[in-house]
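Only one structure is covered here, and it is reproduced in the block below.
The first residue in the sequence is number 1, and the count goes up from there.
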Amino acid sequence: MEFLSPNWRPYYEIRSNTEAVFASSLSSFSLSTLEIASNPDMAGFVLTERKQPDLWRWATVSVEGTIVDEGWEPTQADAKRSAIDALRYVMA
């Protein structure tokens with residue numbers, strides 16, 4: 001299966017109220033830094049958010065809203081990469 005690169009969106013760009021409420025319920029630290037990504041090939045979505053300037057949380061979330069995997073990275077770019085890698089693993 002080809003895995004398309006997901007489109008990352010900051011929380012403030014989420015237009016659907018249902019999706020915004022769902023995303024915010026999974027945030028533990030900062031809606032101002034929360035970003036989510038998904039694409040049609042994904043069974044769920046991924047998110048990143050900043051806890052501290054040098055500590056970013058990433059999480060893989062199932063379509064039911066369960067956090068399947070999560071971790072921490074020193075930069076947002078690293079957190080995004082780890083989230084996508086974890087999702088690819090889950091989908092394999």
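The minimum heavy-atom distance between Ala83 and Leu47, with the atom names listed, is CB-O, 4.5 Å. In this structure, Gly44 and Ser38 approach most closely via the heavy-atom pair O-CB, 3.9 Å. Closest non-hydrogen pair, Ile67 versus Ala59, comes out as CG2-CB, 4.2 Å. Across all their heavy atoms, Phe45 and Ala37 have their closest contact at CB-O, 3.1 Å. Between Ala86 and Thr60, the shortest heavy-atom contact is CB-OG1, 3.6 Å.
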Step-by-step side chain to side chain contact (heavy atoms under 4.5 Å, CB included) determination, Phe22 to Leu26: CA-CA 7 Å; Phe22 185 58; Leu26 296 164; 4.3 Å; yes
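Once rounded to the nearest 0.5 Å, the distance linking CG of Asp54 with OG1 of Thr75 reads 10.0 Å. Separating the OG atom in Ser24 from the CD atom in Glu49 is a distance of 10.5 Å, to the nearest 0.5 Å. Taking CZ of Arg57 as the reference point, atom CG of Leu34 lies at 8.5 Å (rounded to 0.5 Å).
The side-chain heavy atoms of Asp69 and Trp58, taken from C-beta on, include a pair separated by under 4.5 Å. Taking 4.5 Å as the limit, some side-chain heavy atom of Thr48 sits within range of a side-chain heavy atom of Trp8.
Under a hydrophobic clustering in which Ile, Leu, Val, Met, Phe, Trp and Tyr are joined whenever their side-chain heavy atoms come within less than 4.5 Å, directly or via other members, Ile84 and Val61 fall into different clusters. In terms of hydrophobic clustering, with Ile, Leu, Val, Met, Phe, Trp and Tyr side chains grouped at heavy-atom distances under 4.5 Å, Tyr11 and Phe29 are assigned to different clusters.
Of the candidates Glu35, Lys80, Arg50, Lys51, Arg50 is the only one forming a side chain to side chain contact (heavy atoms under 4.5 Å, CB included) with Trp56.
With no hydrogens or angles considered, a side-chain donor-acceptor pair links Ser62 and Glu64 at under 3.5 Å.
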